[in-house]
Structure formats: structure tokens, C-alpha cells
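Here is the structure we will look at, set down as C-alpha cells.
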Amino acid sequence: MEKNLAKTYDPKSFEDRIYKQWEESGMFAPDMDPDKKPFTIVMPPPNITGQLHMGHAMDASLQDVLIRFKRMQGYSTLWLPGTDHASIATEVKVVEKIKKEEGKTKEELGREEFLKRAWAWKNEYGNRITTQQRKMGTSCDWSRERFTMDEGCNEAVKEHFLRLYNKGLIYKGSRLINWCPVCGSALSDIEVEHEDKQGKYWYFRYPGADGSEGITVATSRPETMFADVAIAVNPEDERYKDLVGKMVLLPIFNREIPVIADPYPDPEKGTGAVKITPTCDPNDFEVGQRHNLPMIECMDEKARMLPICGKYAGMDRYECRKAWVEDLDKAGYLVKTEDLIIPTGECYRCHSAVEPRISEQWFVKMKPLAEPAIEAVRKGETQFVPERFDKIYYHWMEDIKDWCISRQLWWGHRIPAYYCDDCGEMVVAKEMPEVCPKCGGKHFHQDEDVLDTWFSSALWPFSTLGWPKETEDLKKFYPTSVLVTGYDIIFFWVARMIFCGIEDMGKAPFAHVLIHGLVRDAQGRKMSKSLGNGIDPLEVIDQYGADALRFMLLSGIAPGSDIRYQTEKIEAARNFANKLWNASRFVIMNLQDEDGNFKPMADAKTAVLKPEDKWLRASIDAAVAEITDNMEKFEFALAAAKIYDLIWGSYCDWYIELAKPRLGGADEEDKLTVRYMLVTALLDLLKLLHPYMPFITEEIYSYLPKAEDAPQFLMTQSWPVPENNDYSGDVKLLEASMAVIRAIRNIRAEAEAAPSKKLHAYIIAEGADAALAKAGAPYIKALGGIEELFVRADRSVLPEDAKSAAVPGMEIYVPMDELVDYAKEKEKLTKEGAKLEAEIARAKNKLSNQGFVSKAPANVIEAERTKLAEYEDLLAKNRKMLEAVLAKLA
RNA sequence: GGUCCAUUAGCUCAGCUGGGAGAGCGUCUGGGUGACAACCAGAAGGUCACAAGUUCAAGUCUUGUAUGGGCCACCA
């Protein structure tokens, strides 16, 4: 094996290998040491029909960064993966496949054969997504992988159903539900998407039964008129007072229906009169209930017109609408039409218009379940991050309707209700009963319907841990720590897990819900199949590596808000990885002799630290404290920015550059210390970055010199803890030196002097500042390209033709071979002086403000005084330098 | 209709509990300098949407306005 990293950073050459090593080592599984505190995440199970998309990539990155961080902190971390059977989505795919390959419908095939095909499909494609997730570096415990329709989850679903049923919280009833005629199934309220669409109102006259004028009503859905059972008007509406109680005729059909008074119609809207069709509209349904009106259905489950519709029977709803309106118009009943925006409901899966329909379905009674779930969030048992999402949760939970859970599908958990073939008695039980409790009959058939997919995923945080069995896992890992998911499924999933967890386990299922936004395309559009603007994470990984993708997804994002996928961002992340790669290669190179053996180096005890070593140590320690704090608070983007800056700025740009002369110098003792510092600092940096970029950090770690007993993998190392050293003097020295170096580089750049050209420099300073300048001389010379540095108190020693700059306490002069352009110099100094004056005025103003001096905290006032003193010092220097320039010009 | 979010450099966006405006990309100037041109050094560039208010102090808190999004909602 090569003893140093490859010349170029090529993530493809090691990411898969490292993942395999991790997985085989068994380290993704939690350490079951009872002394270790648990930290648990259950992964939102992706659909078995799914392919890894950016949403999954975001999910995975956030969860993995958390789990790796906590693992390194010494928690017993469990990240439990799995997949969802995705009832409708999968059934649609399987139906398509059967149609294509066997030319049959599922009905032709029959339930049993269909389910065989569905399971075969699951076995073939169900693991595709979990293979893809591994590419992301997800350190979840695959040995505990679950599926929403595996044996344990089936048991949990039945148990849960039974419990709720026995408490009267699940009931069967005939209600007006949302029906998708294309999917052929009932939908819950949240599976209906509301959209305002351009539509039409038709105004039709319903003639009076007594031959009078009758009444005109507006409707956007004329095809439902066949099911009209009344016309309602507001009791306050003077226009229609006389008509209330009279009968009108359904046009053409001449069926008599009453005019009724009800508060529902708004006199301001339309004509103020509303046709009442209880089987086609929830409002009408309620009016119907209030007035004891009959219910007439006019459409079947495919939204075709029923025989009651006469010649329109058998027509599709839209076909019928067209013909019916034409006929009404011809017969003179159409008063007028109007173009209007009308609200519509669409099936969230197939986007066809949903038809409200009277149908017998199973429901969960929500009020009693919602109350404790609201309470759990209110008292902070579960906290949303960011907090604002709790409002969305409350809003929905406080106004919740009963949950329709039955679906007229085959792929899913079949409802555990059995009917006696003899007397029709219903028995709800886990298994088919032997004997009918009512008639003693021995033949039963099971309810045909399956449960809403979300019914089983609602149990995910505990069904996966073994519930209803009292397993070790359940005891140790429930309630879980954090749930990570997008804001788009707060209602579908998060809310339901909360009330189910409280109901079955007595505790809310997670302490925190970490909500993230959507990954959009570069223009800010939602990624979608129809737009074809989706970015495939696998392609991104192939091109840039999983580390870059993860880092990009976690950087520069505000919690809970959307992020755009842009090539520049992924490139920036990849470049960062490349930077770390090269720096590490440099470090390793300098640790080794020509044969690739590690040279001796100091250890914690023998190292003789120089100020730059202490400065680096202090910088890392300060960063560790902040980064840890940020990560505890889920502020991953802030932490990422600090790690980025620490590695690229502090370590690469400054420390390594300062280390180069030492590595090439004559002091062999000092080299021991430099090597020690380079490698120990690098190890800390790798640890800090590891949760974000697990692959590259692990790969680099494998090349570092390690003690015999060191862990094999970086991923199990412990999280850095700041040392408690007071290195403030060294920090001050290095910061002052860096300021001087920047000033000199600036002078050089302005003079367009080649960086390779060695220069002389003078620093005018007194007392402590002079001491600082002298101590910093080696740094200034090395990184400023200065051959000789003179630190003087007396300005008279200054050479002719020198460019100048000022930092607090010091004036810097760099003599130039070419004539200095004094006119430019004057301009620069004047501009600087003006800026300083403005700052001084601002600071003075602040400090002379009684309110500020008396009310602001002491440290803030002190800081302001220091600033003022510094600026005054700089201004004085600026004045002197300007004077000198003016003298030259004169 | 209700509600939430956004508005900061040319672009994309950070900015945690109020204490002198930041990053990446882009632009401009130099540069093969010991790991890195996927790089190095330097520079330019912002009335923090607008208006009031609170405060000694507002990008940050309050209210309102404008513009752009999202979510929820049974209106014919």
C-alpha cells in the first residue's frame, strides 16, 4: 500500500471501499453498554418504489451528521433504517407491470395472485433505495432494518387497531368521503390537494312546481344536479321568503324538490340560492342532515353517471356535464354563465378531480387522540426545530377531522375485521375467529379493504423497536431523540406518530423534530418529474463524491428553509475536500522519510511549543467549543462554516505556511514539535469534519501515524474537547504579526512587486508594541517576503521612497526600488484618514452619550474605549505619514 | 379568507439570545512560491425592501406598507 495519499483527490477511489469496511466492522450498531446514554433516530422509511432523490440525500445528510456527532460524543447511538410499503404508489406500479407483462388487470388476476406479484416486486426492487442510501455514507444499523409490512410491523398494526377499536376510537361508518375515481379508493382529507382553477358557473332556473317562475341557482358542477334534493336559501333573504316551503322542479326531469331555509347560503354569493346535493358536497351533506333530506347518488366509483340520470347514465362525469348543459340550454333553463376561479380538490397521487362520495369506510376518531398530542408539544415534551413549525402543527391538530383509514386497495395491511357469512356479524380481531359470537356460524370473510399507508408508518418509532413486545431495544431506545424530516410531511407523518406514540407508549415518540426544507433547482423551482429538472444525487456523487454533496447540503442553509442546488456550491464543497486532501498529503509527506517510514516526533509531554503552536491550539480549542455548541443546537450550517474556516484559513493558510520554514530549518529538536503539532491538529480537524465528510476524513485518518491501541476507524474516535490553556499572549502576538503581514502584502500588491522579490521593511513602534514587532519578526519575514526587518522607535531612520501602512501600535514602511507614486500614496492616506475620522467620531459620540455609559454593560463600554484608542493611534500615524508624503510632493 | 416565511454585495445565501455588516461564486490586480491552478496573495463592491416605534444602541425586537413565496380553508 502507498504510504501517502494519492496525488489527486478522487472520492470514487475510496468511498465505496470505506463504506464496506465500516459496514463489515459492525460499528453502525449501537454500543449496548448500559452506562452509555442512548441517542436514537428512526429513519423516515423511503417508499420501496422510490429512487434516491435530493430530498432523501438531505434527510440522510442531516441524520448522519447528527448520529456520527453523537456517536463520537460517546452516546449509544441507534439509527434505525427501513422502508415503507407505500400502498397506493406500489400498487400502481405493480398494476402497470402486470398489465404490460401479462396483459391483465388486477381484478382478472385476483387478490391472491396480485399480492404474489406485489411481493415479488418488493423483493426485486425494494432494496434498490437502501443500496443507494449507502452511497451517501449513512451510518445506520442495517442489522435492524425494518419494513412496514414485515411480521413485526404487521403485529404492531393489528395490536394498535384493536386497541383503538376497543376504546371506541376506530369506527366504521357511512360518511361523505373524498373519493378518487381514478385510483378507485377513498382518500383522507390531507390526501386531497386544493387548488384554485379557472372554471365556470352556470346559472339555471328551477321552475316552480305550481308553474311559477321558480328560482335560479348557480353551480360549478351541473352534472350533480341529478342528485339534488332541495334548494336552500338564507332565512334572512327577503327575496326568497315567499318561496320557502314551496316545491320547485329539477329541470327537464321535473322531479319535485323543496325550497328550504338554512343559514348556510350566503345572500351575497351567486343568486343567494344554493342547490343541495348531500352526496356530492360536504356542506350540502350537513344541510341534508339538518333537514332530514334524502340522499341520492348520481355517480359510480369510476365517476360514471348512474341510471337515475336517465339518458346520461353511463357517461363520464365531464361528458355528461357537456351534454346536460347543452340540453338545459336548448330547453331554456340556462340563464347565464360566468367565468370564475373555483377551488378544486385533486388526488395527491394522480391529480384527478376528487369526488365527494357517500361510502362506508373506517375512521379514527381524532379529537381524543389530538388533545394529548397537542399538549405534548405545548409542554415541550416534543420540540419542533425551528420552533415556528409547531404553529403549523397546532393549527392542523386543533381543527382536525376524523381520519379515514380504509383504502379500496390490495397492497397494504388488510383491515382486521371479519364478517360472519351467516349473520353478517362483525368481529374485530387479530386472526379470523372460529365461531360467530352471535349466531355460532363458522364461516367468515375478512374486510376487503387495506389501511392507509400512514397508519403503519405512524407506529414506526416503536413498531421498529419491537412493540408490542417489551424488547430490550424498546426499553433502551424509546422515546427516540430526534426525528429528521421535510416540512411537507408534518401532517401525514409527524403528527400521526406523535398521537400514536402517546396512545400506545404513553410518551411522545421523540424529543426533537428537526424540520428541513426542500432542495430546489438552480432557478428555485421544485424538482419534479414533469419538469424534468431533478438532479440525481447518485450522479452528483459519481462526479463530486458523497462528501461534497453532504457538505453542500449542510452548508449555507437556514434551518427549515429551502435550498437551491447549484453547481457552484457543489464545486465549492469539492474544492474544500480537495484542499484538505492536499494539506493532509503535505503533512504526511513531512512526517515520513524517503522510505515512507514515520520519523520521530514529540508527544504531549516533550513538545516545546512555540507561539504559533499555541496560537493554533487556542484557535482549534475556541472553534471546538463553538462548533460543539452549534451542533448541539442543530445549527449545522454555522458549524460547517467554522470548520471550513478553521481548516482552510487557520490551518492551511497560516499554520502550514508558518511550519514550512521550521520543517526545512536546522533545528532538529523543533522539527519534532512541528510534526507533533501538524498531526495532532490535523486529527482534531478530521474529527470535527468527520460528521460532515465521513469518507475523506476516514481515508486520511488511515494514513496517519497511530498508537498501537488507537481505534481502527476515525468514526469511533471521541469528539475533541477543548484544552484549558491560557495562550492569550501568543494569540495576541500571532494576530499582530498577521496584521503586519497582511499590510505588507497589501503594499506589495499595490506596488505590483513580484511576491518572489525580497524586500526590506521598517516598523516604527515603541514599548510593548515594539516588543511585539520584534517577537513577530520571524513570522513577518517568512510570510511577508521580508529579508530584513528593522524595528525602531525613531522615524528619522526611515529611508527615502518607502510605501507605508499602519496597524494599531505600528507604522510599517517598505522601501521600493522604483519611485513611489506619492500622489497615489496621498490619495490612499487621505481616504484612510477620512474613514478613521468617521469611526472616531462615531465612537466618541457613543462614549459621550450618558445613556450608553450608564446603561451599557461594562465590557461593551470597555471595548468601545479600546477601539477609540486604537483608531486615534491609527489616525495619528496616518497624519504623520501623510505629512511625510506631502513633504515629498512639495 | 386565515396563517407562516422571505426581502442583506453583481449572483446564491449565512448572520444564534440587539453591542462596529460576512461567506462562496463572479469581477479586477499580481503570481509555478516547498500540499494544492479544484491553488496562492491582494483589491473593489452593501442607506441590510420601505416607514414609524421601543432602546443608550436595531440587519436583529414591535407595528404597518410593498413585493415574492409557502401552508391551511366546506363556500354555490
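A, B, ... follow the sequence lines: proteins, then strands. Residue 1 opens every chain. Computed over heavy atoms, backbone and side chain alike; hydrogens, waters and symmetry mates excluded.
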Which whole number of Å gives the distance between the [atom1] atom of [N] and that of [M]?
| N | M | atom1 | value |
| --- | --- | --- | --- |
| B:rA66 | B:rA21 | C1' | 25 Å |
| B:rG70 | B:rU63 | C1' | 23 Å |
| B:rC61 | B:rC48 | C1' | 16 Å |
| B:rU17 | B:rA9 | C1' | 27 Å |
| B:rC72 | B:rG10 | C1' | 38 Å |
| B:rA57 | B:rA43 | P | 34 Å |

Sugar-phosphate means primed atoms, P, OP1 and OP2; the rest is base. With that split, encode nucleotides 29-35 of chain B 5' to 3' as B, S or - using protein heavy atoms under 4.0 Å. S----SB
Scan side-chain atoms only and decide if A:Lys275 and A:Thr224 contain a donor-acceptor pair under the 3.5 Å cut-off.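 Looking only at side-chain atoms, A:Thr224 and A:Lys275 do form a donor-acceptor pair, the distance falling under 3.5 Å.
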Report yes or no: do A:Asn234 and A:Tyr264 form a side-chain donor-acceptor pair below 3.5 Å? no
Just N and O in the side chain of [X]: are any of them under 4.0 Å from OP1 or OP2 of [N]?
| X | N | answer |
| --- | --- | --- |
| A:Trp648 | B:rC40 | yes |
| A:Arg748 | B:rA41 | no |
| A:Arg745 | B:rG42 | yes |

Involving RNA chain B, stems made of at least three consecutive Watson-Crick or G-U pairs, both distances under 3.5 Å: B:1-7 with B:66-72, B:10-13 with B:22-25, B:27-31 with B:39-43, B:49-53 with B:61-65
NA contact type, [X], heavy-atom cut-off 4.0 Å: base, sugar-phosphate, or nothing?
| X | result |
| --- | --- |
| A:Tyr871 | base |
| A:Arg388 | sugar-phosphate |
| A:Ala856 | base |
| A:Gln566 | sugar-phosphate |
| A:Val860 | base |

For A:Lys824, does the NZ atom have more than 12 heavy-atom neighbours from other residues, nucleotides or ligands under 6.0 Å away? no
Ring centroids only, cut at 6.0 angstrom: are A:Tyr544 and A:Tyr9 within range, meaning strictly under it? no
Just list the side-chain donor-acceptor pairs under 3.5 Å for residues 562-570 of chain A, sequence neighbours left out, or say none.
| residue | atom | partner | partner atom | Å |
| --- | --- | --- | --- | --- |
| A:Asp562 | OD1 | A:Tyr487 | OH | 2.9 |
| A:Asp562 | OD1 | A:Leu518 | N | 2.8 |
| A:Asp562 | OD2 | A:Tyr487 | OH | 3.1 |
| A:Asp562 | OD2 | A:Arg520 | NE | 2.7 |
| A:Asp562 | OD2 | A:Arg520 | NH2 | 3.0 |
| A:Arg564 | NH1 | A:Ala522 | O | 3.3 |
| A:Lys569 | NZ | A:Arg564 | O | 3.0 |

For A:Glu750, is there an ion pair with A:Lys803 - N to carboxylate O distance below 4.0 angstrom? yes
In sequence, state the C-alpha distance, the side-chain angles, and the governing distance for A:Tyr394 and A:Met397, and then conclude on side-chain contact (heavy atoms from CB on, under 4.5 Å). CA-CA 5 Å; A:Tyr394 291 139; A:Met397 287 291 257; 5.9 Å; no
Whole-Å distance separating the [atom1] atom of [X] from the [atom2] atom of [N]:
| X | N | atom1 | atom2 | value |
| --- | --- | --- | --- | --- |
| A:Tyr655 | B:rC36 | OH | P | 20 Å |
| A:Ile700 | B:rC36 | CD1 | C1' | 12 Å |
| A:Lys391 | B:rA73 | NZ | C1' | 19 Å |
| A:Tyr348 | B:rC71 | OH | P | 16 Å |
| A:Ile570 | B:rC13 | CD1 | P | 16 Å |
| A:Arg842 | B:rA21 | CZ | P | 8 Å |
| A:Ile342 | B:rA73 | CD1 | C1' | 16 Å |
| A:Ile515 | B:rC71 | CD1 | P | 15 Å |

Would you please classify the geometry between the A:Tyr203 ring and the A:Tyr201 ring as parallel, tilted or perpendicular, with 30° and 60° separating the classes?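 Ring orientation, 0 to 90° scale: perpendicular.
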Parallel, tilted or perpendicular: which one describes the rings of A:Phe551 and A:Tyr644, with boundaries at 30° and 60°? parallel
Ranking A:Tyr201 and A:Ile741 by the position along RNA chain B of their nearest nucleotide, the one closer to 5' is A:Ile741
Would you mind telling me which residue lines up with the more 5' stretch of RNA chain B, A:Ser555 or A:Ile392, judged by nearest nucleotide? A:Ser555
Distance-only criterion, 3.5 Å: show the donor-acceptor pairs between side-chain atoms of residues 865-872 of chain A and protein atoms not counting sequence neighbours.
| residue | atom | partner | partner atom | Å |
| --- | --- | --- | --- | --- |
| A:Thr866 | OG1 | A:Glu862 | O | 2.9 |
| A:Lys867 | NZ | A:Glu864 | OE1 | 3.1 |

Holding to side chain to side chain contact (heavy atoms under 4.5 Å, CB included), I want the full list of residues that pass it with A:Asn178, two or more places apart in sequence or in another chain. A:Leu187, A:Asp189, A:Val192, A:Val354
Rounded distance (nearest 0.5 Å) linking atom CG of A:Leu704 with atom CG of A:Leu686: 6.0 Å
Determine yes or no for a side-chain-to-main-chain donor-acceptor pair under 3.5 angstrom, with A:Thr271 supplying the side chain and A:Thr216 the backbone.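 Yes.
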Looking at RNA chain B, which of residues 227-236 of chain A put a heavy atom within less than 4.0 Å of it? none
